[in-house]
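Proteins get letters first, then strands, A, B, ... in listed order; numbering begins at 1 in each.
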There are 2 protein chains.
Amino acid sequence: MNLPPLIQSFVLHFGEMGSRWGIARTVGQMYAVLFVAERPLSADDIVDRLGVSRSNVSMGLKELQSWRLVRLRHQPDDRRDFFSTPDDVWQIVRILVEERKKREIDPTLSVLRELLMLSPASEEERHAQARMQDMHEVIELMTSWHADVEKLETERLIQLLTLGSKVVKVLDLKDRLFVVPGRGAKAATPKA
Amino acid sequence: MNLPPLIQSFVLHFGEMGSRWGIARTVGQMYAVLFVAERPLSADDIVDRLGVSRSNVSMGLKELQSWRLVRLRHQPDDRRDFFSTPDDVWQIVRILVEERKKREIDPTLSVLRELLMLSPASEEERHAQARMQDMHEVIELMTSWHADVEKLETERLIQLLTLGSKVVKVLDLKDRLFVVPGRGAKAATPKA
DNA sequence: CCGTTATTTCAGAAAATACTGAAATCAGGA
DNA sequence: TCCTGATTTCAGTATTTTCTGAAATAACGG
């Protein structure tokens with residue numbers, strides 16, 4: 001590995017984090033190298049920096065492209081492929097969330113819906129379906145929240161996150177103004 | 001594998017999802033079995049249902065306990081250990097988010113902060129630090145949002161998620177009322 | 001076309017991870 | 001304390017995943 005120490009630490013950390021996910025250690029390292037690079041890099045640049053085989057880099061870049069985490073760029077008067085990560089970290093987060101949703105959440109929702117259509121053949125299966133129903137509802141709610149929020153411009157998203165729990169105060173207020181006392185399952189118990 | 005078909009499909013799916021994460025296929029299956037079970041199960045119950053070795057179940061349950069995803073229970077007049085998942089799916093989601101934060105986000109923040117303290121020895125390192133700084137800011141903001149939101153009662157959390165992008169309308173309104181026109185980076189361009 | 005350089009594919013080697021069975025440990029009850 | 005049954009540990013095996021080098025393919029300029 002042929003990197004300045006500060007960058008090397010970063011790259012090694014992302015290699016470890018990568019393998020804690022589903023992605024191979026060296027693929028995580030490739031991503032890290034691209035993320036901190038001053039300009040788009042060729043596959044051979046990455047070979048030089050990480051000291052892994054050319055074919056491994058080729059496959060790793062393909063995987064990163066399938067995640068839309070790196071984009072292919074071209075330099076004038078150079079027919080090699082160059083690669084870079086988006087400049088905007090928020091953009092990276094959005095892509096990560098979308099891709100993980102597509103690969104993990106959507107197939108799970110699909111399986112759950114399919115299984116919820118079947119008729120349970122026993123009390124055991126009936127109970128299992130009830131559990132799946134609970135899970136389905138939670139995932140659906142989180143998914144629809146995400147569908148809403150992903151549309152926001154980054155500026156707004158930041159605003160929303162910064163607000164954090166203060167949003168809840170708006171909800172509190174709304175409750176106090178509009179909810180008829182006694183209509184909820186249990187009496188409100190305001191703090192302090 | 002000795003399970004009713006509906007449950008078996010669910011279990012197999014979670015095995016696959018598990019291995020897409022960092023957890024072993026059989027550990028994902030163990031979790032799925034426990035999730036849909038009508039009552040707490042002993043390790044041997046899981047051996048019967050999944051057909052894996054007793055020692056594998058023992059290790060898998062240990063891992064699931066380290067994630068706080070299953071809890072150990074005892075039945076009166078039985079000295080075997082029984083295991084179950086929380087009844088409340090929201091509770092499960094909270095635990096998952098907390099544990100992943102602890103294992104992935106916190107160490108990353110710690111590495112980033114450490115590297116941001118160092119003096120860059122070159123322009124390349126200086127640029128890398130700037131990128132790390134960007135990443136650090138984004139993660140910090142998401143983390144502080146999470147710290148706020150995790151404190152909410154489940155009822156409130158659901159309210160917040162249900163509201164989704166409607167919250168943004170509140171932000172919009174707030175902007176229109178309080179932001180001096182021209183102070184932002186670019187002029188507001190209200191839709192429609 | 002042909003030669004050159006860039007990239008991809010793929011079979012097998014290497015490495016990492018998961019799983020098992022046997023032995024060890026533990027935790028009561030007699 | 002000894003016995004019994006429950007659980008854990010761990011060394012070795014099996015499986016899966018990652019990585020490599022060599023060969024194939026592609027892309028372009030002449």
Can you list the residues that meet the ring-ring contact (aromatic ring centres under 6.0 Å, His included) rule with Trp67(A), with sequence neighbours excluded? none
Go through the structure and list residues passing ring-ring contact (aromatic ring centres under 6.0 Å, His included) with Trp145(A), not counting sequence neighbours. Trp145(B)
Bounds of contact between DNA chain C and chain A, in 5' to 3' order, using a heavy-atom cut-off under 4.0 Å: dT4(C) to dC10(C)
Residues pairing under ring pair (Phe, Tyr, Trp, His ring centres under 6.0 Å) where one sits in residues 2-23 of chain A, two or more places apart or in two chains, turn out to be Phe10(A)-Phe14(A)
Verdict with reasoning, Tyr31(A) to Thr85(A), per side chain to side chain contact (heavy atoms under 4.5 Å, CB included): CA-CA 8 Å; Tyr31(A) 188 76; Thr85(A) 66; 3.5 Å; yes
Which pairs pass salt bridge (Lys or Arg N to Asp or Glu O under 4.0 Å) with one or both residues in [range], sequence neighbours excluded?
{"range": "residues 124-134 of chain A", "value": "Glu123(A)-Arg126(A)"}
{"range": "residues 6-26 of chain A", "value": "Glu16(A)-Arg25(A)"}
{"range": "residues 56-80 of chain B", "value": "Arg68(B)-Glu98(B), Arg68(B)-Glu99(B), Asp78(B)-Arg80(B)"}
{"range": "residues 106-120 of chain A", "value": "Lys101(A)-Asp106(A), Arg113(A)-Glu140(A)"}

Whole angstrom is fine here: how far is it from CG in Asp44(B) over to C1' in dT7(D)? 10 Å
Identify, with sequence neighbours excluded, every residue that meets side-chain contact (heavy atoms from CB on, under 4.5 Å) alongside Leu118(B). Leu6(A), Leu115(B), Gln129(B)
List the atom pairs, donor and acceptor, that lie under 3.5 Å between side-chain atoms in residues 51-59 of chain A and the rest of the protein, sequence neighbours left out.
residue: Ser53(A); atom: OG; partner: Ser55(A); partner atom: OG; Å: 3.2
residue: Ser53(A); atom: OG; partner: Asn56(A); partner atom: N; Å: 3.1

Would you classify Arg79(B) as touching base, sugar-phosphate or nothing, given that sugar-phosphate means primed atoms plus P, OP1 and OP2, and contacts are heavy atoms under 4.0 Å? base
Which residues in residues 10-31 of chain B have at least one heavy atom lying under 4.0 Å from any atom of DNA chain C? Ala24(B), Thr26(B)
Within residues 53-76 of chain A, find the residues that approach DNA chain C with a heavy atom at under 4.0 Å, and present them sorted by residue number. Arg54(A), Ser55(A), Ser58(A), Met59(A), Lys62(A)
